[in-house]
Amino acid sequence: MALWPLCSFLLLSVVLPSGNANVEGDALYALRRAVRDPGNVLQSWDPTLVNPCTWFHVTCDGDNRVTRLDLGNARLSGKLVPDLRKLERLQYLRELYKNNLAGSIPKEFGALKNLLSFDLYHNNLTGTIPASLGRLSSLRFLRLNGNRLRGRIPRELTKLRNLKILDVSGNDLCGTIPTSGSFSKFTEKSFENNPRLEGPELMGSVSYNVTCNY
């Protein structure tokens with residue numbers, strides 16, 4: 001007599017979405033609502049499909065947690081949404097390059113502690129580089145080139161010990177280029193085509209306090 005209730009419970013545990021799937025699906029659907037998608041690449045991002053791991057351009061791990069988004073060169077326009085911070089196991093926020101995303105980079109992205117690759121190059125992003133990205137301790141690749149970002153390069157980024165590739169070229173950054181920490185290994189190529197950048201700062205220099213007018 002107890003077998004049927006047990007079977008029912010096991011069936012429901014498979015069919016019903018987990019709380020994490022709901023949260024991550026909601027976060028991704030918030031992105032879909034915030035962008036224009038003339039190529040319908042996000043058509044499968046349907047909130048009535050309970051598991052976002054079944055959506056195109058989304059990769060998950062064995063626990064059905066989102067680890068990667070692949071949306072490069074998809075003709076998307078609109079804005080990034082802070083809801084993506086809920087993708088706690090996201091490793092690759094890449095393949096968002098060569099779209100027409102505008103607005104600022106949400107400071108909430110600093111909560112994506114498992115992020116390895118952060119690629120938003122060749123979009124139309126404005127505002128400043130969030131200092132909160134300095135909390136992405138696992139980050140290896142940071143490519144923000146070819147946007148319209150302004151302001152200083154946050155010194156918090158020099159604390160990213162695992163950072164191997166940095167490219168902030170082709171923006172409107174100003175002030176001086178950090179040379180401490182992980183930034184000691186990057187060449188001028190990482191910073192070129194920012195007319196208001198004044199060059200590398202000297203060790204112990206306080207030139208980073210100079211006014212950086214926007």
Side-chain angles (χ1 to χ4, degrees), residues 17-37 42 45 47 52-53 55 57-61 63-72 74 76-97 99-163 165-168 171-173 178 182 214:
S18 69
N20 288 326
N22 281 334
V23 169
E24 297 191 337
D26 289 346
L28 292 174
Y29 192 64
L31 177 62
R32 180 183 176 181
R33 292 197 308 269
V35 300
R36 290 176 291 280
D37 176 23
L42 303 180
W45 290 26
C53 298
W55 300 355
H57 313 292
V58 176
T59 301
C60 294
D61 61 17
D63 296 323
N64 285 334
R65 303 292 298 277
V66 176
T67 59
R68 178 170 176 152
L69 298 181
D70 293 292
L71 293 167
L76 300 176
S77 60
K79 295 184 177 181
L80 295 168
V81 293
D83 306 68
L84 294 181
R85 72 183 185 278
K86 298 174 183 176
L87 306 179
E88 295 178 348
R89 295 195 191 177
L90 189 66
Q91 296 180 355
Y92 298 95
L93 186 59
R94 57 189 307 183
E95 310 300 343
L96 277 171
Y97 63 82
N99 284 290
N100 194 31
L101 298 172
S104 60
I105 300 172
K107 65 180 185 301
E108 290 83 358
F109 285 5
L112 296 170
K113 61 182 180 180
N114 290 304
L115 207 60
L116 301 177
S117 183
F118 190 42
D119 290 333
L120 295 174
Y121 58 90
H122 293 309
N123 278 284
N124 198 29
L125 297 170
T126 55
T128 60
I129 300 173
S132 60
L133 298 186
R135 299 202 300 265
L136 303 177
S137 58
S138 299
L139 197 65
R140 298 176 186 173
F141 307 98
L142 178 59
R143 287 176 278 230
L144 303 174
N145 49 299
N147 284 285
R148 293 193 294 143
L149 299 170
R150 58 180 172 81
R152 297 185 183 87
I153 299 171
R155 269 52 194 173
E156 289 82 356
L157 299 184
T158 65
K159 300 175 183 177
L160 299 176
R161 296 180 180 179
N162 294 309
L163 196 62
I165 300 294
L166 172 75
D167 193 345
V168 294
N171 283 287
D172 189 28
L173 301 174
S182 60
Y214 302 146

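A quick note: this is a predicted structure, and the numbers were derived from the prediction, not measured. Excluded from the calculations below are hydrogen atoms, water molecules and symmetry mates; all remaining heavy atoms, backbone and side chain alike, are included.
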### Task
Of all the heavy-atom pairs spanning Tyr92 and Leu115, show the shortest one and how long it is.
N-CD1, 4.0 Å
### Query
What do you reckon, is CZ of Arg140 surrounded by more than 12 foreign heavy atoms closer than 6.0 Å?
no
### Summary
Asp167 meets the side chain to side chain contact (heavy atoms under 4.5 Å, CB included) criterion, sequence neighbours left out, with Arg143, Asn145, Ser169
### Task
To the nearest 0.5 angstrom, please state how far the OG atom of Ser137 sits from the CG atom of Leu160.
8.0 Å
### Message
Could you report the tightest heavy-atom contact between Tyr29 and Pro47, atom names first, then the distance?
### Response
CE1-CD, 3.4 Å
### Message
Quick one, Ser182 with Arg161, criterion side-chain hydrogen bond (donor to acceptor under 3.5 Å, both in side chains). Give me CA distance, side-chain angles, the key distance, then yes/no.
### Response
CA-CA 6 Å; Ser182 60; Arg161 296 180 180 179; over 6 Å; no
### Message
Just verifying a value: how many Å separate Leu139 CG and Asn162 CG, rounded to the nearest 0.5 Å?
### Response
8.5 Å
### Message
Would you say Asn124 and Arg148 are linked by a side-chain donor-acceptor pair, where the criterion is simply a distance under 3.5 Å?
### Response
yes
### Message
I'd like to know if the side chain of Asp37 reaches the main chain of Leu42, judged simply by a donor and an acceptor atom lying under 3.5 Å from each other, with no hydrogens or angles considered.
### Response
yes
### Task
Check Pro154 against Ala131 and note the closest heavy-atom contact, atom names and distance.
CB-CA, 3.9 Å
### Query
Any side-chain heavy atom of Ile165 sitting closer than 4.5 Å to one from Leu142?
no
### Query
Heavy-atom distance under 4.5 Å between the side chains of Arg36 and Ser77, does that happen here?
yes
### Message
A side-chain contact here means heavy atoms from C-beta on lying under 4.5 Å apart; do Leu163 and Phe141 qualify?
### Response
no
### Message
Checking the side chain of Arg155 only, and the main-chain atoms of Ile153 only, is there a donor and an acceptor separated by less than 3.5 Å?
### Response
yes
#### Entry: Leu90 side chain reached by Leu84 side chain, heavy atoms, under 4.5 Å
no
### Query
Looking at Asp26 and Lys86, does any basic side-chain N land under 4.0 Å from a carboxylate oxygen?
no
### Task
For residues Leu31 and Trp45, report the shortest heavy-atom separation together with the two atoms involved.
CD2-CZ3, 4.2 Å
### Message
Can a donor-acceptor pair be found, under 3.5 Å and without considering hydrogens, that links the side chain of Asp83 to the backbone of Ala27?
### Response
no
### Query
Would you say Val35 and Leu101 make side-chain contact, with heavy atoms under 4.5 Å?
yes
### Check ion pair Arg68-Asp70 (N to O, under 4.0 angstrom)
yes
### Message
Show me the pairs that pass side chain to side chain donor-acceptor pair (under 3.5 Å) and involve residues 99-117, at least two apart or across chains.
### Response
Ser117-Asp119
### Task
Starting from the C-alpha separation in whole Å, work towards a yes-or-no answer on side-chain contact (heavy atoms from CB on, under 4.5 Å) for Ile129 and Leu144.
CA-CA 9 Å; Ile129 300 173; Leu144 303 174; 4.2 Å; yes
### Task
Decide yes or no for Ile105 and Phe118: does some side-chain heavy atom of the first lie under 4.5 Å from some side-chain heavy atom of the second?
yes
### Query
Does the Asp61 side chain pair with the main chain of Asp63, one donor and one acceptor, at a distance under 3.5 Å?
yes
### Query
Are any of the side-chain heavy atoms of Leu149 and Val168 separated by less than 4.5 Å?
no
### Message
To the closest 0.5 Å, what do you measure between CG (Leu125) and CG (Asn171)?
### Response
8.5 Å
### Task
Show your working on side-chain contact (heavy atoms from CB on, under 4.5 Å) between Leu173 and Arg150 and close with a plain yes or no.
CA-CA 4 Å; Leu173 301 174; Arg150 58 180 172 81; 5.6 Å; no
### Message
Is there a side-chain contact between Leu87 and Val23 in this structure, where contact means two heavy atoms from C-beta onward sitting under 4.5 Å apart?
### Response
no
### Query
What are the two closest heavy atoms between Pro130 and Pro106, and how far apart are they?
CG-O, 4.2 Å
### Task
Indicate yes or no for a side-chain donor-acceptor contact from Glu24 to the backbone of Val66 under 3.5 Å, with no hydrogens or angles considered.
yes
### Message
Quick one: does any side-chain atom of Asn147 pair with a main-chain N or O of Leu120 as donor and acceptor, under 3.5 Å?
### Response
yes
#### Entry: Polar side chain donor-acceptor pair, Arg89 to Thr67, under 3.5 angstrom
no
